[in-house]
**Student:** 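Have a look at this one before I ask anything.
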Amino acid sequence: MNPLSKSFFEKNTIRIAKNLLGKYIKHKNMIGKIVETEAYLHDDPASHSFNGKTKRNTPMFDKPGTAYVYFTYGMYHCFNIVTNKKNIGEAVLIRALEPIKGIKQMQKNRGRDDNLCNGPAKLVIAIGITKKHNGVDLLNKNSSIKIFDNKENFEIVQTKRIGISKGKSLPHRFYVKNSKWVSMK
DNA sequence: AGAGTGATGGGCT
DNA sequence: GCCCATCACTCTT
């Protein structure tokens, strides 16, 4: 299992959102397979970067492969990976994982046995991502979070995004067809 | 199965 | 002062 290369994250953001499906994300003893993503573009009214750089969204303008972890709804965090080598503020939100390894630990982190990773805030809690990971370089050897390549064949579904108030019509959500691990709503 | 809602706090006009 | 890329729970069909 090899880590994804720098060039993987330097491509077009939509393409990366699609290509991330099926890949493995690892933190400590836990591994999840990415089954749902959303793309957030620089000219996208739903993107945190839409109105330019601010204190909160600074990591979005950092180099591709950087983690952007933001705080939301007073109690949750969500995990994104910065994309596009132009540093224009684009990222892919990871919305759901299929738990692969360290499921006991995920259950402990979540305080329940099911619905461990089927939502952006849920997976962050399950695999122990915190605000400390905001801005870290996932391509760095020393990063505790890493993304690994995985070859697998499956169909991809492209739909509208979830839980946003602006940019609702854009078809920037992607998930693995028939996966029981995606967030529903 | 679907609709409604409280929790809870940082970000930004 | 309102908004929010959410979740889990309750109440209703």
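What you see is a predicted model; the values in this text were computed from it and never measured. Each chain gets a letter, A, B and so on, in the order its sequence line appears, and its residues count up from 1.
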**Student:** Between Glu36(A) (CD) and dT6(C) (P), how many Å, whole number?
**Tutor:**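 Between P of dT6(C) and CD of Glu36(A): 10 Å.
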**Student:** Taking 4.0 Å as the cut-off, does a side-chain nitrogen or oxygen of Arg173(A) come that near to OP1 or OP2 on dA5(C)?
**Tutor:**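 The answer is no; no side-chain N or O of Arg173(A) sits under 4.0 Å from OP1 or OP2.
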**Student:** Once you round it to whole Å, what is the distance between C1' of dA7(B) and NE2 of His77(A)?
**Tutor:**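 It is 15 Å, rounded to the nearest whole Å.
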**Student:** How would you label the contact of Ala121(A) with the nucleic acid (heavy atoms, under 4.0 Å): base, sugar-phosphate, or nothing?
**Tutor:**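 The answer is sugar-phosphate, as Ala121(A) gets under 4.0 Å only of primed atoms, P, OP1 or OP2.
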**Student:** Can a side chain N or O of Lys122(A) be found less than 4.0 Å away from OP1 or OP2 on dA8(C)?
**Tutor:**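 It does, given that an N or O in the side chain of Lys122(A) lies less than 4.0 Å from OP1 or OP2 of dA8(C).
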**Student:** Nearest whole Å is fine: how far is dC7(C) P from Arg95(A) CZ?
**Tutor:**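 Rounded to the whole Å, the gap is 7 Å.
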**Student:** Tell me the interatomic distance from Asp114(A), atom CG, to dC9(C), atom P, rounded to whole angstroms.
**Tutor:**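 Roughly 10 Å, once rounded to whole Å.
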**Student:** Please work out whether the ring planes of His77(A) and Phe71(A) are parallel, tilted or perpendicular, with thresholds of 30° and 60°.
**Tutor:**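 Because their plane-to-plane angle lies in the 30° to 60° range, the rings of His77(A) and Phe71(A) count as tilted.
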**Student:** Cluster question for you: counting only ILVMFWY and a side-chain heavy-atom cut-off of under 4.5 Å, with indirect links fine, are Val182(A) and Leu116(A) together?
**Tutor:**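 Yes, Val182(A) and Leu116(A) fall within the same hydrophobic cluster.
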**Student:** Is there a side chain to side chain donor-acceptor pair (under 3.5 Å) between Asn118(A) and Lys122(A) once you walk through the steps?
**Tutor:** CA-CA 6 Å; Asn118(A) 58 341; Lys122(A) 297 181 199 179; 3.1 Å; yes
**Student:** Heavy atoms only, 4.0 Å cut-off, all strands: where does Arg110(A) land among base, sugar-phosphate and nothing?
**Tutor:**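 Contact class for Arg110(A): sugar-phosphate only.
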**Student:** Going by centres under 5.5 angstrom and planes under 30 degrees, do the aromatic ring of Tyr76(A) and the base ring of dT6(C) stack?
**Tutor:**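 No.
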**Student:** What are the two closest non-hydrogen atoms of Glu10(A) and Pro64(A), and how far apart are they?
**Tutor:**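 Minimum heavy-atom separation between Glu10(A) and Pro64(A): CG-CG, 4.0 Å.
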**Student:** Could you list the protein-to-nucleotides 11-13 of chain B atom pairs, N/O on both sides, closer than 3.5 Å?
**Tutor:**
from	atom 1	to	atom 2	distance (Å)
dC12(B)	OP1	Thr54(A)	OG1	2.8

**Student:** Starting at the 5' end of DNA chain C, what dot-bracket string do you get if Watson-Crick and G-U pairs under 3.5 Å are bracketed, crossing pairs use [ ], other-strand pairs use | and unpaired bases use dots?
**Tutor:** ||||.|||||||.
**Student:** When you look at Asp44(A) and Arg161(A), which way does the salt bridge (Lys or Arg N to Asp or Glu O under 4.0 Å) test go after all the steps?
**Tutor:** CA-CA 12 Å; Asp44(A) 170 359; Arg161(A) 293 174 295 186; 2.6 Å; yes
**Student:** Between dA5(C) atom C1' and Asn134(A) atom CG, what is the distance in whole Å?
**Tutor:**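 Checked: the CG to C1' distance equals 15 Å.
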**Student:** Can you name the closest pair of heavy atoms from Lys23(A) and Ile147(A) and give their distance?
**Tutor:**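 The pair with the smallest heavy-atom distance is CB-CG2, 4.2 Å.
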**Student:** Is it the case that the side chain of Glu90(A) and the backbone of His42(A) share a donor-acceptor pair, with hydrogens and angles ignored and the cut-off at 3.5 Å?
**Tutor:**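 Side chain of Glu90(A) to backbone of His42(A): a pair is present.
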**Student:** Using a cut-off of 4.0 Å on non-hydrogen atoms, how would the nucleic acid contact of Lys166(A) be classed: base, sugar-phosphate, or nothing?
**Tutor:**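 Lys166(A): backbone/sugar contact only, no base atoms under 4.0 Å.
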**Student:** Where is the tightest heavy-atom contact between Pro171(A) and Gln158(A), given as atom of each residue plus distance?
**Tutor:**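 That closest heavy-atom pairing would be O-NE2, 2.7 Å.
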**Student:** Write down the distance between CG (Leu41(A)) and P (dA5(C)), rounded to a whole number of angstrom.
**Tutor:**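 My rounded result for the distance is 15 Å.
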**Student:** Tell me the interatomic distance from Lys160(A), atom NZ, to dA5(C), atom P, rounded to whole angstroms.
**Tutor:**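 The distance from NZ of Lys160(A) to P of dA5(C) comes to 17 Å, rounded to the nearest Å.
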**Student:** Among dC7(C), dT8(B), dA8(C), which nucleotide sits nearest the side chain of Met75(A)?
**Tutor:**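 The listed nucleotide nearest to Met75(A)'s side chain is dT8(B).
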**Student:** Would you say a side-chain N or O of Arg112(A) is under 4.0 Å from OP1 or OP2 of dC7(C)?
**Tutor:**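 Answer no for this pair, as no side-chain N or O of Arg112(A) is under 4.0 Å from OP1 or OP2.
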**Student:** With rounding to the nearest 0.5 Å, note down the distance linking OG1 in Thr37(A) to CG in Leu97(A).
**Tutor:**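 Between Thr37(A) OG1 and Leu97(A) CG, I get 11.0 Å after rounding to 0.5 Å.
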**Student:** For Asn115(A) and for Asn80(A), find the nucleotide of DNA chain C with the closest heavy atom, then tell me which residue's nucleotide is more 5'.
**Tutor:**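 Its nucleotide being nearer the 5' end, the pick is Asn80(A).
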**Student:** For the side chain to side chain contact (heavy atoms under 4.5 Å, CB included) test, which of Ile129(A), Ile127(A), Val92(A), Leu93(A) pairs with Phe79(A)?
**Tutor:**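 Exactly one option meets the side chain to side chain contact (heavy atoms under 4.5 Å, CB included) with Phe79(A), and it is Ile129(A).
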**Student:** Report the distance from atom CG of Asn115(A) to atom CD of Gln107(A), rounding to the nearest 0.5 Å.
**Tutor:**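 The distance works out to 11.5 Å.
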**Student:** What residues in residues 59-68 of chain A put a non-hydrogen atom under 4.0 Å from any atom of DNA chain C?
**Tutor:**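 Under 4.0 Å from DNA chain C: Met60(A).
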**Student:** Between dG10(B) and Thr72(A), is there an OP1 or OP2 to side-chain N/O distance shorter than 4.0 Å?
**Tutor:**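 Result: no.
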**Student:** Can you tell me which nucleotide in dA8(C), dT6(C), dC4(C) comes closest to the side chain of Cys78(A)?
**Tutor:**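 When the side chain of Cys78(A) is considered, dT6(C) is the closest of dA8(C), dT6(C), dC4(C).
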**Student:** Transitively linked via ILVMFWY side-chain contacts under 4.5 Å: Val82(A) with Ile16(A)?
**Tutor:**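 No; tracing contacts between hydrophobic side chains, which count when under 4.5 Å, never links both residues.
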**Student:** Nearest to the side chain of Tyr70(A), heavy atoms from C-beta on, is which of dA8(C), dA5(C), dC7(C)?
**Tutor:**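 Output: dA5(C).
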**Student:** For Tyr73(A) and dC3(C), what is the distance between atoms OH and P respectively, to the nearest whole Å?
**Tutor:**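 The answer, rounded to whole Å, is 12 Å.
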**Student:** Could you pull out the closest heavy-atom pair between Ile88(A) and Phe61(A), with the gap in Å?
**Tutor:**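 That closest heavy-atom pairing would be O-CE2, 3.4 Å.
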